[in-house]
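Naming convention: chains lettered A, B, ... in sequence-line order (proteins, then strands); numbering from 1 in each chain. Hydrogens, waters and symmetry mates are skipped; everything else that's a heavy atom, side chains included, is used. Since the structure is predicted, the reported quantities are computational estimates derived from the model, not experimental observations.
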Amino acid sequence: MNDFFTPKEDFFEQVFAVVKLIPKGRVTTYGAIAEYLVAKKSARVVGYAMNASHSLLDKIPAHRVVNRNGLLTGKMHFATPDTMQNLLEMEGVVVENNQIVDFKKILWLPIEEL
DNA sequence: AATGTGACATACC
DNA sequence: TGGTATGCCACAT
């Protein structure tokens, strides 16, 4: 209907919306978001959205989004490679060797929580 | 309009 | 058991 308040149904907006809903101290995966958006095939696009988050004024906790292995693959895209891990640890997430400890425990799945 | 790219995921060897 | 290859789909150029 009205697209006045609808920024666009771009995949990005949906991805950002979910990422911003990630509770502090929790993490999620690209595949989980993509799956929540019924586009699990487009997991790459989810990551691509994160790349675009740099241009947005919205604060996207991209550091809470990791790959399926719980590995901080996107750390290199932050200001510094240490930024991502630092932010996670600051929120209580234990990261070791660029990998999240007890990843499955703190994994937050929007498809289940929402 | 077409080609290239990528912060993933899965399959195969 | 781990690296290589391909698929995937939306955005950028």
Side-chain angles (χ1 to χ4, degrees):
Chain A
M1 298 224 221
N2 286 339
D3 35 272
F4 288 170
F5 291 89
T6 307
K8 266 185 203 177
E9 292 188 3
D10 285 346
F11 224 84
F12 284 29
E13 291 296 333
Q14 302 206 32
V15 173
F16 297 145
V18 176
V19 174
K20 287 190 288 188
L21 290 175
I22 300 174
K24 181 181 178 183
R26 306 259 188 206
V27 295
T28 190
T29 69
Y30 303 95
I33 297 173
E35 189 174 355
Y36 173 72
L37 299 177
V38 194
K40 65 177 185 178
K41 299 177 182 179
S42 307
R44 303 192 78 171
V45 184
V46 176
Y48 200 94
M50 295 286 104
N51 194 11
S53 66
H54 289 288
S55 299
L56 297 181
L57 300 179
D58 293 333
K59 293 182 292 186
I60 309 297
H63 58 275
R64 293 179 185 157
V65 183
V66 295
N67 68 352
R68 212 189 157 336
N69 298 317
L71 196 68
L72 282 57
T73 54
K75 65 173 186 173
M76 47 164 66
H77 283 265
F78 283 81
T80 65
D82 295 335
T83 304
M84 189 173 188
Q85 181 174 342
N86 193 355
L87 290 171
L88 286 171
E89 290 181 345
M90 182 170 63
E91 294 186 354
V93 178
V94 180
V95 179
E96 185 173 302
N97 192 15
N98 294 334
Q99 187 173 4
I100 297 176
V101 180
D102 294 335
F103 169 63
K104 298 174 72 173
K105 289 184 179 179
I106 63 176
L107 178 60
W108 180 80
L109 300 176
I111 200 169
E112 291 184 355
E113 297 293 335
L114 303 181

Quiz item: Can you find a donor-acceptor N/O pair under 3.5 angstrom joining the side chain of A:His54 to the base of B:dA7?
Solution: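 Such a pair is found, so the answer is yes.
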Quiz item: Who are the ring-ring contact (aromatic ring centres under 6.0 Å, His included) partners of A:Phe16, not counting sequence neighbours?
Solution: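 Scan of A:Phe16 (ring-ring contact (aromatic ring centres under 6.0 Å, His included), adjacent residues dropped) gives A:Phe12.
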Practice problem: Look at all strands and tell whether A:Asn51 reaches a base, only sugar-phosphate, or nothing, counting heavy atoms closer than 4.0 Å. | Solution: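 Base contact.
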Quiz item: Reading DNA chain C 5' to 3', which nucleotide is the first, and which the last, to come under 4.0 Å of any heavy atom in chain A?
Solution: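 Listed 5' to 3', the contact boundaries are C:dG7 to C:dA12.
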Practice problem: Write down the distance between OH (A:Tyr48) and C1' (B:dC8), rounded to a whole number of angstrom. | Solution: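 Rounded to the whole Å, the gap is 14 Å.
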What distance do [X] atom [atom1] and [Y] atom [atom2] have between them, rounded to the nearest 0.5 Å?
X	Y	atom1	atom2	result
A:Ile100	A:Ile106	CD1	CD1	5.0 Å
A:Asn67	A:Gln99	CG	CD	8.5 Å
A:Leu107	A:Asp102	CG	CG	12.0 Å

In [range], which residues come under 4.0 Å of DNA chain B by heavy atom?
range	result
residues 101-113 of chain A	none
residues 72-81 of chain A	A:Thr73, A:Gly74, A:His77, A:Phe78
residues 25-35 of chain A	A:Tyr30, A:Gly31

With clusters defined by side-chain heavy atoms of hydrophobic residues (ILVMFWY) lying less than 4.5 Å apart, directly or transitively, does [Y] cluster with [X]?
X	Y	answer
A:Leu109	A:Val27	yes
A:Ile22	A:Val101	no
A:Leu71	A:Met76	no

Exercise. With sequence neighbours excluded, give me every salt bridge (Lys or Arg N to Asp or Glu O under 4.0 Å) pair touching residues 47-62 of chain A.
Key: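 For residues 47-62 of chain A, and leaving out neighbouring residues, the salt bridge (Lys or Arg N to Asp or Glu O under 4.0 Å) pairs sorted by first residue read A:Lys20-A:Asp58.
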Quiz item: What are the residues of residues 36-47 of chain A, sorted by number, that bring a heavy atom to within less than 4.0 Å of DNA chain C?
Solution: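 A:Lys41, A:Ser42, A:Arg44, A:Val45 - these, ordered by number, are the residues of the stretch whose heavy atoms sit under 4.0 Å from the strand.
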Show the atom names and distances, to 0.1 Å, of all donor-acceptor pairs under 3.5 Å that link a side chain in residues 82-97 of chain A to residues at least two apart or in another chain.
from    : atom 1 : to      : atom 2 : distance (Å)
A:Thr83 : OG1    : A:Thr80 : N      : 3.1
A:Thr83 : OG1    : A:Thr80 : O      : 3.0
A:Thr83 : OG1    : A:Thr80 : OG1    : 2.7
A:Gln85 : NE2    : A:Glu89 : OE2    : 3.2
A:Glu91 : OE1    : A:Arg64 : NE     : 2.9
A:Glu91 : OE1    : A:Arg64 : NH2    : 3.4
A:Glu91 : OE2    : A:His63 : NE2    : 3.1
A:Glu91 : OE2    : A:Arg64 : NE     : 3.3
A:Glu91 : OE2    : A:Arg64 : NH2    : 2.8

Please tabulate, for side-chain N and O atoms in residues 28-51 of chain A, each donor-acceptor pair with protein atoms closer than 3.5 Å (sequence neighbours left out).
from    : atom 1 : to       : atom 2 : distance (Å)
A:Thr28 : OG1    : A:Trp108 : O      : 3.0
A:Thr29 : OG1    : A:Ala32  : N      : 3.0
A:Tyr30 : OH     : A:Val65  : O      : 3.4

Exercise. Compare every heavy atom of A:Ser53 with every heavy atom of A:Ile60, then report the nearest pair and how far apart it is.
Key: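 That would be CG1-CB, 3.7 Å.
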Quiz item: Other than A:Leu57, what residues sit in its cluster of Ile, Leu, Val, Met, Phe, Trp and Tyr side chains whose heavy atoms are under 4.5 Å apart, directly or through others?
Solution: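 Its cluster mates, by chain and number: none.
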Practice problem: Not counting sequence neighbours, which residues clear side chain to side chain donor-acceptor pair (under 3.5 Å) with A:Asn69? List them please. | Solution: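 Listed in chain order: nothing, the list is empty.
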